[in-house]
2 protein chains.
Amino acid sequence: MSKPGGTAGSRDIMATTPAFPSEPSPADGPDTTAPAFGDAGGMAPAAPAFSPLYQQIKTLILRSLQAGEWKPGDMIPSEFDLAARFRVSQGTVRKAIDELATDNLLVRRQGKGTFVATHAEQHIQYRFLRLLPDAGNLAQQGPAERRIIECRRLRASAEVARQLALRTGDPILQVKRVLAFAGSPAILEDLWLPGGPFKGLTVETLSDDKGPMYALFETQFGVRMVRAVEKIKAVAADADAARLLDVPEGHPLLSVERLAYTYNDVPMELRRGLYRTESRHYRNELS
Amino acid sequence: MSKPGGTAGSRDIMATTPAFPSEPSPADGPDTTAPAFGDAGGMAPAAPAFSPLYQQIKTLILRSLQAGEWKPGDMIPSEFDLAARFRVSQGTVRKAIDELATDNLLVRRQGKGTFVATHAEQHIQYRFLRLLPDAGNLAQQGPAERRIIECRRLRASAEVARQLALRTGDPILQVKRVLAFAGSPAILEDLWLPGGPFKGLTVETLSDDKGPMYALFETQFGVRMVRAVEKIKAVAADADAARLLDVPEGHPLLSVERLAYTYNDVPMELRRGLYRTESRHYRNELS
DNA sequence: CAGTGGTCTAGACCACACT
DNA sequence: GTGTGGTCTAGACCACTGC
């Protein structure tokens, strides 16, 4: 062995890695060892933040996902190939992929490969919908009926702009719809989407679609929702909600306000759902 | 090297590992390769379920935790020591500990050691309380005031028995309390606890205690809550809740029904909380 | 069969905390 | 300095999938 054992040190993959593999790049010998992250100016002369190799690899993979090099459902290169591409050992790539897999960005399938996670095609559809029937033995049902109430183009209010990281007055889309199970309305949702990425979204597009809305977003607009944060409250139904959900005014409803993010924590959807919970509940696991 | 490279095969640690390390045990040479898990009788001649070594190690560590060999807050033996004890490599122990750490059963602290997780003493107190103020910049507050309404000994109803894996009529404890923030009542909780493990729990014990109730359970009763499942609904305040939470009858409240488990998925607490959510919300992250 | 992820090992070195 | 967890490598072999 010409190069025995561990070679920890601090290397900076970011600075010297080609976008695609090729022959050994020339200026690569002495390994100049620049810090992975520069000191973001300001006070705190602090430590330059040591970044392990596998974290850098993770960032690079993330970058490729974001750039669309591999699309939802695609198989990414094997660990061995990626190791060659990034000039690290397979184990290091493995650790990076492990973390991306636990974040649900990638899905490993033994014997087949590693795939970009998707909201479509997976057996676990409606991954972000946590409303379950009280009784039904975990019978995970997709919403039987949906009705699009409206899909309007308008300008962002200060509040919506803030949450979607836009400017007040920027163009946005608003969608309002009702989901029903077995003929009984259960969910009333309002969505606010940034106008840019979702240009061309219409009532027809939404109405024609079966399957999860996030799957539609992936295939039609290239927008992949990666994580979300929900704020849950109990509220009384106002006149509008009461009518659309077929409950008396003042009836208690679960208000679920969701902010959903794509890669790199970019907010891409604000959603407010009102759930009827007489015979269903929002399920959550703590640990 | 006398024993080069990988030694995967299938080994069964469970069958041959002493509780504590000693000199090399005699009957260890040829590695008899018994299946880790026998075919649990029945149909399905199926595969005996291959179990990786690190999973077996994980089970063994779990067993020690459950048996109280290491108590909440304790440091467990180093990876190196555990590797010697279980006669595997450090890397295998590491993988087992990794999983236990992501399950929040253990906490790794670089340079110090690996510790048994606890609900006490951690900076992240009230780990299972997801109610946050709408405005306050994440100002995580412990409930300022608590008032124990009652603590009764009684017999389990069919429903409570089912959920706590007891038999109808088994002795249980019921606790009712109110939590308030800044003088304003916010949470009304009913708890049902199995009588056996919590023998001796009184209003006084509860009233005298500051800090998280789960910390009290650990120190006084040796019961450690490991995970929980919550079912959330919107309900209208009944007369009792209205009085105790100082809201009008019919006011919308968040109903949070929690079943909490110790090690090995043994249910140990059923809890039903009613939350006021006019200026607070239940926060949840999806991914 | 080859290719992929999954497990296991052994050893070197780094970062961190305490003494 | 010593001991702990954390990173990285290299290589062998196992389990699963599909050709």
Side-chain angles (χ1 to χ4, degrees), chain A residues 1-13 31 33 35-36 46-58 61 74-84 86-102 106-116, chain B residues 1-13 31 33 35-36 46-58 61 74-84 86-102 106-116:
Chain A
M1 302 179 192
S2 59
K3 194 185 182 184
T7 320
S10 39
R11 282 166 58 186
D12 184 359
I13 295 288
D31 221 338
T33 311
F50 161 74
S51 177
L53 254 188
Y54 75 88
Q55 282 289 0
Q56 301 180 43
I57 304 300
K58 190 178 168 186
I61 295 176
D74 283 1
M75 174 180 161
I76 72 171
S78 75
E79 295 178 353
F80 191 82
D81 289 348
L82 287 173
F86 297 134
R87 308 181 156 284
V88 297
S89 85
Q90 192 208 13
T92 301
V93 169
R94 165 167 286 271
K95 179 141 189 181
I97 292 181
D98 276 345
E99 294 207 348
L100 291 168
T102 52
L106 296 176
V107 178
R108 323 188 75 138
R109 282 200 260 273
Q110 182 171 150
K112 303 214 282 195
T114 301
F115 299 80
V116 182
Chain B
M1 301 181 192
S2 59
K3 194 185 183 186
T7 319
S10 39
R11 282 164 59 186
D12 185 359
I13 293 287
D31 220 341
T33 311
F50 161 73
S51 176
L53 254 189
Y54 76 89
Q55 282 288 1
Q56 301 180 41
I57 303 299
K58 189 178 168 184
I61 295 176
D74 283 2
M75 175 178 160
I76 72 170
S78 75
E79 296 178 353
F80 190 83
D81 290 349
L82 287 173
F86 297 133
R87 307 181 156 285
V88 297
S89 84
Q90 192 209 10
T92 301
V93 170
R94 165 168 286 270
K95 179 141 189 179
I97 292 181
D98 275 345
E99 294 207 347
L100 291 168
T102 51
L106 297 176
V107 177
R108 321 189 76 139
R109 281 200 259 275
Q110 180 171 154
K112 303 214 280 198
T114 300
F115 299 80
V116 182

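Naming: A, B, ... by sequence-line order, numbering from 1 per chain.
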> Phe80(A) CZ to dA2(C) P: how many Å, rounded?
Replying inline: 15 Å

>> Measuring to OP1 and OP2 of dT9(C), would you say a side-chain N or O of Thr92(B) lies under 4.0 angstrom away?
In response: yes

> Does Arg108(B) make a side-chain N or O approach to OP1 or OP2 of dG6(D) shorter than 4.0 Å?
Replying inline: yes

> If you look at every heavy atom in Tyr54(B) and Thr92(B), which pair is closest and at what distance?
Replying inline: CB-O, 3.6 Å

> Tell me: CZ of Arg94(B) to P of dT7(C), nearest whole Å?
Replying inline: 16 Å

> Quick one: is dG5(C) close enough that its OP1 or OP2 comes under 4.0 Å of any side-chain N or O from Arg109(A)?
Replying inline: no

> Should Met75(A) and Lys112(A) count as side-chain neighbours, where that means a heavy-atom distance under 4.5 Å?
Replying inline: no

> Base, sugar-phosphate, or nothing: which does Tyr54(B) touch, judged by heavy atoms less than 4.0 Å apart?
Replying inline: sugar-phosphate

> Taking OP1 and OP2 of dC8(D), is either one under 4.0 Å from a side-chain nitrogen or oxygen of Lys95(A)?
Replying inline: no

> Which residues pass the side-chain contact (heavy atoms from CB on, under 4.5 Å) test with Arg94(B), sequence neighbours left out?
Replying inline: Glu79(B), Asp98(B), Arg108(B)

> Taking CD from Gln90(A) and C1' from dT4(C), how many angstroms apart are they, rounded to a whole number?
Replying inline: 9 Å

> Looking at Val107(A), Ile76(A), Leu106(A), which hits side-chain contact (heavy atoms from CB on, under 4.5 Å) with Leu100(A)?
Replying inline: Leu106(A)

What N/O pairs connect the protein and nucleotides 16-19 of chain D at under 3.5 Å? Give each pair on its own line.
unit_1, atom_1, unit_2, atom_2, d
dC16(D), O4', Gln110(A), OE1, 3.1

> Over how many whole Å does the gap from Leu82(B) atom CG to dT4(D) atom C1' extend?
Replying inline: 12 Å

> Any side-chain heavy atom of Phe86(B) sitting closer than 4.5 Å to one from Leu53(B)?
Replying inline: no

> What dot-bracket string describes DNA chain C from 5' to 3', counting Watson-Crick and G-U wobble pairs whose defining distances are under 3.5 Å, with [ ] for crossing pairs and | for pairs to another strand?
Replying inline: ||||||||||||||||||.

> OP1, OP2 of dG5(C) versus side-chain N and O of Thr114(A): anything below 4.0 Å?
Replying inline: yes

